[in-house]
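Structure, as structure tokens:
A quick note: this is a predicted structure, and the numbers were derived from the prediction, not measured. By convention in this document, chain letters (A, B, ...) are assigned in the order of the sequence lines, proteins followed by strands, and residues within each chain are numbered from 1.
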Amino acid sequence: MKYDFAEIERKWQKRWETEGVFKREEDPNKEKYYMLEMFPYPSGNLHMGHVRNYSIGDVIARFKTMQGYNVIHPMGWDSFGLPAENAAIERGIHPDKWTRSNIDTMREQLKGLGFSYDWSREIATSSPEYYKWTQWLFLQFYKKGMAYKKKSSVNWCPSCETVLANEQVVNGGCERCSTEVTKKELEQWFFRITEYAQRLLDDIDKLEDWPEKVKIMQKNWIGRSEGAMVSFQIQGFDEKIEVFTTRPDTIYGVSSMVLAPEHPLVPKLVEGTEYEEPVKEFRKRMEHLSEISRTSTEAEKEGLFIGRYVINPMNGKEVPLFIANYVLMDYGTGAVMGVPAHDQRDFEFATKYNLPIIPVIKPRDESIDMDNLDQAFEADGVMINSGPFNGLDSKQGITKVIEYMEAKGIGEGKVNFRLRDWLISRQRYWGAPIPILYCDKCGMVPVPEEDLPVLLPTDVKFTGKGNSPLSTSESFVHTTCPKCGGSAKREVDTMDTFVCSSFYFLRFTDPNNHDHPFNMDKTKYWMPVDQYVGGVEHAILHLLYARFFTKVLYDMGLSPVEEPFSRLLTQGMVLKDGAKMSKSKGNTVSPEEIIAKYGADTARLFILFGAPPERDLEWSDQGVEGSFRFLNRIWRLVTESYQEVMNNDLGAEDTLSGQDKELRYVLHNTIKRVTTDIGERFNFNTAISAIMELVNATYDYLEKNRDGNLNRGILKEAITNMMIMLAPFSPHIASELWELVGMEGSVHDQKWPKWDPEALIKDEIEIVVQVNGKLRGRLTISAEATREEMEEIALGHEKIKESIAGKNIVKVIAVPKKLVNIVVK
RNA sequence: GCGGAUGUGGCGGAACUGGCAGACGCGUACGGUUGAGGGCCGUAUGAUAAUUGCAUCGUGUGGGUUCGAGUCCCACCAUCCGCACCA
């Protein structure tokens, strides 16, 4: 009988669907397991990265199910986003139509791979039923003051024609299209993620089963630093300049104050002076430079004295005021106090502009000539030239100086974060409209909850140019104020798609709820996600936003957990010829093509066998053939021996021959290896190789017992367990074989096997004998042999006698069940 | 510059607690089956070669600890990834 994968896969997929095999409900008597993979953007076609991501998830889901857990394994679509809009611009297809047809295609592709999704929980973020809740949550954020609008300098992608959050600017370019990002002064909506900075940071330590790499990236992104906020009075003005410093202990060494060129006070300070023109020019020049070229470490420090002075509040000293390229308006207060003796950047700046370099910290061992520094001394030491603080250890100095400043009212201790508030407005059409109105009388008014969803209008022109596309729809923009009934205009920006994906894992627990985003009883049962799988590219973006949302919802009493994902697995990329598969490089392999040629089971098997999940996987056509060969081999093994398999129960234990015992040993060792490799180590590649070894051993057993002496019970035990263990990886063929040999029920309903420790006990084992650490012989001895017995046998062995003849035995090391090492001189 | 990861045959990768390096798969060679090809089955496959011997060398490089190191320690090299004037 031939292995007709196409027929088999069609048959089982259909059966799984009609029987609703993967539908799950809450069951208080069963322990739940929430298996989730990052849902895809419906670009139109599944790629190998998806196949890998979802194959990993499916193995875990099926494995956990067989282990008796009530497994929820949902799938949906992150279906808002720019490509749909571009399709509308380029081809005149409405984004909704384009998106829906892509979803239909990809859903079929996912089904064609035989993944065990509960399709009754399917959601699409672009459906009004879903984005109603995106908008509803926005309103809750708004009520709590977690959503606010402000005018500020924001990142603008000229190609996507929209603003971007800080997290979406990668190397100075747009996260989507890599176009260099510019700055724009705009009024935009933000989520107050900075309010949660400390908690987001603290709770990283609770995420024990997240990759260290991702945790470090998040910590760095949040960027907490401790220091002080100090006010410097501007001479001749009422205003003060606030400055953040992590080194208040060096404040007596300040010899300049440097502002970001775009600092709001600057124009006022130079107005009507000889500095006005040069400053204007300087600011203009900086504006045109990209963030990246302006702030790269290589760029030379460039500044301009603006003719004003500030007063160091600690010693009353006059300090010149500059603007300079390396000071960013984004971080701290957009001002830096220059302490050249103890900060390398300030040192370079001071050297260039001939500013005094005043040492205020000296090393404890006085190894450096502090009066002739050739670079900044940034380490700790003892305070000098610091008035009352002289002689103090600089670490203590930090606390003391802060105490002093607080007492005098000139400054205070302060924790600063690098994290900025999350900019969520987008000047695009294909996103959830922000549910806000602007009334001539009442001002800004949130849309009442009962009026949700604010539907996307269909009469919009897609030009790809100009303002938010929603502003082109008259029927959308003009509305009435719910407060006063007067005329009002709608907000025309939509929300960042990352908002939609920040709570989808909660919605999956209750996807069809029309009255609430999700029911607490359901979220309590299913949350948190036990295992999340996705690419590292979301290490900061999606994973930080989702954590933030979950915390806000927790505080609102809408989420039962503070952290959404207990364990995270970031899978590696799929490479071809050493590079990431991409259309532009022309090195793609389409999943459909592979499925057509070898079937889904082979595709899944190969992608899991090729490398451990977190590592990159090099695609290999020959490797795929190897996986296909293996499935054929197992197919033949079962179909050719199944009559024997079926005709008997397990043979009596006492009649086991050496061969029988050996096969049973291999079987139970395989069960042990596969169970721990899937369940604990996520090393699917080694789990699969263990199954391959079992198949090889079974063939070997059949070959050696051609004469009919085989133990049918043991053969049956080996083959049935083999099918069960194959089931999470290649579910169709496992199901078909299970049915073919006439086993009861479905292979997927079988309990995951337990290994029998008895079967793993060997009477005799092979040990190694070494002389001075070098292999000199092998011995088969009783597994129970003691150290002394092992030594004795080893020393009596012919080969060993030869090797040690005429030498003195210094020491003998015997490790039970492993080896004997004889040290001679 | 800082942080992280990775370096093992011709290739993808195993080796879990320091104990036979190279499991499993690919590729290759030879043999069998076949009219032939494919498929399948078997054997071999790290390098070295006047000594086919449980020989010597061998896990990026150099040192160290140990009876014993791919694994632990120190120094370095290479590649990849993330951050990058963060005050």
Short N/O separations, protein against nucleotides 27-33 of chain B, under 3.5 angstrom:
from  : atom 1 : to       : atom 2 : distance (Å)
B:G27 : OP2    : A:Arg629 : NH2    : 3.0

Could you check which of B:A87, B:C24, B:A14 has an atom nearest any side-chain atom of A:Asn696? B:C24
Counting only heavy atoms from other residues, nucleotides and ligands, does the tally under 6.0 Å from CD of A:Glu618 exceed 12? yes
Would you say B:G39 has OP1 or OP2 under 4.0 Å from some side-chain N or O of A:Arg633? no
Does any part of the side chain of A:Met48, heavy atoms only, come nearer than 4.5 Å to the side chain of A:Val589, both counted from C-beta? yes
Would you state whether a donor and an acceptor, one from the side chain of A:Lys301 and one from the base of B:C85, lie under 3.5 Å apart? yes
With a 4.0 Å cut-off, would you call A:Glu226 and A:Arg224 a salt bridge? yes
In whole Å, what separates the C1' atom of B:U8 from that of B:G60? 10 Å
Considering only the P atoms, how many Å lie between B:A87 and B:C77, rounded to the nearest integer? 28 Å
I'd like the P distance from B:G9 over to B:U48, given in whole Å. 14 Å
Whole-Å P distance, B:C26 and B:A44: 16 Å
Does a nitrogen or oxygen in the side chain of A:Asn685 sit under 4.0 Å from OP1 or OP2 of B:A14? yes
Under 4.0 Å between a side-chain N/O of A:Arg776 and OP1 or OP2 of B:A55, yes or no? yes
Should stems be defined as at least three consecutive Watson-Crick or G-U pairs with both distances under 3.5 angstrom, which of them involve RNA chain B? B:1-7 with B:77-83, B:10-12 with B:24-26, B:27-33 with B:39-45, B:46-48 with B:55-57, B:60-64 with B:72-76
Hey, does the side-chain of A:Arg345 have a donor or acceptor N/O within less than 3.5 Å of a partner on the base of B:A87? yes
Using a heavy-atom cut-off of under 4.0 Å over every strand shown, decide if A:Gln770 touches base, sugar-phosphate, or nothing. base
Using a strict cut-off of less than 4.0 Å between a Lys/Arg side-chain nitrogen and an Asp/Glu carboxylate oxygen, indicate whether A:Asp4 and A:Lys2 qualify as a salt bridge. no
With syn meaning chi within 90° of zero and anything else anti, the base of B:G9 is syn
SB check A:Glu302 A:Arg285 (cutoff 4.0 Å): yes
Roughly how many Å apart are B:A69 and B:U59, using the P atom of each and rounding to a whole number? 11 Å
Given B:A84, is OP1 or OP2 found less than 4.0 Å from the side-chain N or O atoms of A:Arg418? yes
Is it the case that atom CZ in A:Arg176 sees more than 12 heavy atoms from other parts of the structure closer than 6.0 Å? no
Under 4.0 Å between a side-chain N/O of A:Lys774 and OP1 or OP2 of B:C57, yes or no? yes
Expressed as a whole number of angstroms, how long is the span from A:Asp346:CG to B:C85:P? 14 Å
Span that lies between the C1' atom of B:C30 and that of B:G18, in whole angstrom: 40 Å
Would you call A:Lys352 and A:Glu300 a salt bridge, taking side-chain N to carboxylate O under 4.0 Å as the test? yes
When you compare the side chain of A:Leu541 with that of A:Gln168, does any pair of heavy atoms fall below 4.5 Å? yes
A:Ser627 side chain N/O closer than 4.0 Å to the phosphate oxygens (OP1, OP2) of B:G25? no
Selected nucleotide, minimal atom distance to A:Asn821 side chain, candidates B:C67, B:A87, B:A14: B:C67
What is the distance, to the nearest angstrom, from the CG atom on A:Leu541 to the P atom on B:C83? 10 Å
C1' gap between B:A14 and B:C20, integer Å: 15 Å
Taking A:Asp205 first and then A:Lys219, would you say they form a salt bridge - that is, a charged N and a carboxylate O separated by under 4.0 Å? yes
Considering only heavy side-chain atoms of A:Arg681, the closest of B:C85, B:A15, B:G19 is B:A15
Closest to the side chain of A:Ile216, out of B:G3, B:A23, B:G19, is B:G3
Looking at B:C67, I'd like to know if its phosphate oxygens (OP1 or OP2) sit under 4.0 Å from a side-chain N or O belonging to A:Lys811. yes
Find which nucleotide of RNA chain B each of A:Asp677 and A:Tyr699 is nearest to by heavy atoms, and output the residue with the more 5' nucleotide. A:Asp677
C1' atom, B:G22 versus B:A47: distance in rounded Å? 13 Å
Given atom OH of A:Tyr598 and atom C1' of B:G39, what is their separation to the nearest angstrom? 14 Å
Using the side-chain heavy atoms of A:Arg636, tell me which of these nucleotides is nearest: B:C54, B:G13, B:C41. B:C41
Do A:Arg673 and A:Glu693 sit within salt-bridge range, that is, some charged N less than 4.0 Å from a carboxylate O? yes
For A:Asp616, answer base if it contacts any base atom (sugar-phosphate contacts may also be present), sugar-phosphate if it contacts only those atoms, and nothing otherwise; contact means non-hydrogen atoms under 4.0 Å. sugar-phosphate
Taking any heavy-atom pair under 4.0 Å as a contact, classify A:Val823: base, sugar-phosphate, or nothing. sugar-phosphate
Choosing from B:G19, B:C20, B:C24, which nucleotide comes nearest the side chain of A:Ile813? B:G19
May I have the distance from A:Met217 (atom CE) to B:A5 (atom P), rounded to whole angstrom? 14 Å
Of the listed B:C54, B:C81, B:G19, the closest approach to the A:Lys213 side chain comes from B:C81
At 4.0 Å (heavy atoms only), tell me whether A:Gly223 reaches a base, stays on the sugar-phosphate, or touches nothing. nothing
